[in-house]
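Worksheet for the structure shown next.
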Amino acid sequence: MTQLLEQLRDQLRHYNYQYYVLDDPQVPDAEYDRVFRQLKALEDEHPEWITPDSPTQRVGAEPLAAFTQVRHEMPMLSLDNAFSAEDMYSFEKRLRDRLKLDEETPLAFACEPKLDGIAVSLLYENGQLIRGATRGDGSTGEDITLNVRTVESIPLKLMGSGYPERLEVRGEIYMPRRSFTRLNEAALKRGDKPFVNPRNAAAGSLRQLDPKITAQRSLEMCCYSVGVVSGGELPDSHEAILRKLATWGLKINAEMAVVQGAKGCLEYFDALSERRNQLAYEIDGIVFKVNDIALQQRLGFVSRAPRWAIAHKFPAQEEMTI
Ligand SMILES: Cc1ccc(Cn2cc(C(N)=O)ccc2=O)c(C)c1
C-alpha cells in the first residue's frame, strides 16, 4: 500500500514542479486535484504512513509562539553596488588586476535579476528540506521553516539524484506582481491597509507565526547560490551549479545568462532594463558574478561582501502615488 502512496506523492511532486517551478502545467487543475484528494484520503485512513515530505504536508501545524534564531554556518553577505557603466568597468579592472589576467584573457560573468524580496537559506539533508531561515543580519536569522514549507516552488524533497548529503541553497522569496495586486485589492475591500510594495508584502507574509496565513500569500522562490555543501560535488561554474539545482527541483531565474566582461554585463543590463516593467516580479538591479568558481575562491571576500560579485542597481523609479 505504501508503494501506492509514494507513487501518488511522486506524481503530485512532478505536477507541482511543472506548475510552480517550470510554470508549464502538463495536466488540468482538476486532474491535480483528483490525485491530491486520492492521496489525502489514503493518508487520512492511515495517518501512521504520513511523511513530512508528502505534498499534503505543506500547510504547517499550529501557529508558533515565536521564531527561534538560526546561526548561519556561512554568513549570508551583502553585495557591493555599481550605479554606472564606469563602476562596472572599474569592477572588471579590479578583478583583472587581482587575478593578474591580461587584457586578452576572457572573463565570464553570470547575470541574474536582483529580485526585490527576502533573502532566505534552505537546508536540505539527504534531499529532505530540513530548515528555512531568513538572512537576518547575515550571521543570525530567524527559523521560518514552517512558513517556507508552504511556498509551492520550494521542493520538500529534492528530485533526481546526485545531490550532496548536506546542501544549503540560498535565494529570494518574493511575491509576483499579480499576487501583490490581488492581495491589496482584497485588503482594500476588507478596509485593511494595503502593502506598499511586493517586497514588504513578502516580508510581512514570511513574518506570520501562523503558516496558514503564509500559505495564502502565493509566494515564490528563486535560487541564486549555494552555501554549506558537504558529502557531494558541485560543478565548477556558477551557471552550471544553478542548472544543477534546477534538475533537483529548485527554481532558478529564467533570465539567467553568462556574458563576457563588463561590456557584456552592460549590454545585458540595458536589454533587461528595457523589459523591467514587463517582468512578472519586481527587481531593483542585476547581480553579476564571476562565473568560474575557482576564480571566485581566489578573489574571496572583503569584510562583508565578495570581491567577485556586484549588484548594478537601476536608478530609483518615481514612485506611483496609489
Ligand atoms: C482545484 C485546483 C487544483 C490545483 C490548482 C493549482 N495547481 C495545478 C497544478 C497542475 N495543473 O499541474 C499543480 C499544482 C497546483 O497547485 C488549482 C489552481 C486548483
Side-chain angles (χ1 to χ4, degrees), residues 3-45 47 49-61 115 117-118 120 122 124 127-129 132 144-160 163 169 171-187 189-190 195 198 201-202 204-206 208 210-223 245-254 279-281:
Q3 210 266 341
L4 169 62
L5 278 173
E6 210 36 46
Q7 183 223 320
L8 292 174
R9 288 171 183 155
D10 278 337
Q11 198 175 352
L12 291 168
R13 287 176 187 129
H14 178 69
Y15 287 162
N16 273 318
Y17 176 67
Q18 290 286 143
Y19 188 88
Y20 289 105
V21 177
L22 302 185
D23 198 14
D24 175 23
Q26 299 299 306
V27 293
D29 295 349
E31 163 63 10
Y32 177 85
D33 199 44
R34 186 187 64 74
V35 179
F36 187 94
R37 290 175 189 279
Q38 188 184 354
L39 173 61
K40 192 80 178 70
L42 278 176
E43 289 182 348
D44 289 349
E45 260 173 74
W49 284 340
I50 292 176
T51 52
D53 64 3
S54 171
T56 60
Q57 302 304 304
R58 277 195 177 274
V59 188
L115 274 64
I118 303 298
V120 297
L122 305 176
Y124 287 89
Q128 301 286 324
L129 178 62
I144 53 166
T145 306
L146 293 182
N147 290 347
V148 154
R149 287 174 57 87
T150 72
V151 179
E152 303 270 6
S153 48
I154 294 175
L156 298 178
K157 176 186 177 199
L158 294 180
M159 286 166 46
Y163 41 78
V169 177
E172 200 84 1
I173 290 188
Y174 63 98
M175 186 180 290
R177 292 183 205 268
R178 265 202 313 273
S179 308
F180 172 68
T181 306
R182 231 181 16 241
L183 180 70
N184 268 359
E185 279 164 1
K189 244 183 224 125
R190 281 195 315 267
F195 286 100
S205 303
L206 284 178
Q208 293 293 328
D210 181 358
K212 286 183 184 57
I213 298 176
T214 310
Q216 292 155 2
R217 297 292 175 84
S218 321
L219 296 174
E220 296 192 15
M221 188 205 179
C222 201
C223 301
L245 296 182
T247 67
W248 295 331
L250 291 154
K251 184 175 186 149
I252 63 172
N253 195 291
L279 295 174
Y281 42 82

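Every number for a ligand or one of its atoms is a count from 1 in the order of the listing. Since this is a predicted model, take the numbers as computed values, not measurements.
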For residues 171-178, which side-chain donor-acceptor pairs fall under 3.5 Å, sequence neighbours excluded?
| unit_1 | atom_1 | unit_2 | atom_2 | d |
| --- | --- | --- | --- | --- |
| E172 | OE2 | G117 | N | 3.0 |
| E172 | OE2 | I118 | N | 3.3 |
| Y174 | OH | E220 | OE1 | 3.1 |
| R177 | NE | L279 | O | 2.7 |
| R177 | NH2 | R276 | O | 3.0 |
| R177 | NH2 | Y281 | O | 3.4 |

Open item on the list: Can a side-chain donor-acceptor contact be found between Q11 and Y15 if the only test is distance below 3.5 angstrom?
Closed with: yes

TODO: List for me each residue that meets ring-ring contact (aromatic ring centres under 6.0 Å, His included) alongside F180, sequence neighbours excluded, and say none if there are none.
DONE: none

Open item on the list: Would you say Q26 and D24 are linked by a side-chain donor-acceptor pair, where the criterion is simply a distance under 3.5 Å?
Closed with: yes

Open item on the list: Quick one about T51 and Q57 (side-chain donor to acceptor, distance below 3.5 Å, no hydrogens or angles considered), yes or no?
Closed with: no

Between ligand 1 and the protein, tabulate every N or O atom pair separated by less than 3.5 Å, reporting distance only.
| unit_1 | atom_1 | unit_2 | atom_2 | d |
| --- | --- | --- | --- | --- |
| ligand 1 | 11 (N) | V27 | O | 2.8 |
| ligand 1 | 11 (N) | D29 | OD1 | 2.9 |
| ligand 1 | 16 (O) | Y20 | OH | 2.8 |

Open item on the list: Could you work out, with salt bridge (Lys or Arg N to Asp or Glu O under 4.0 Å) as the rule, every residue matching D10, not counting sequence neighbours?
Closed with: R13

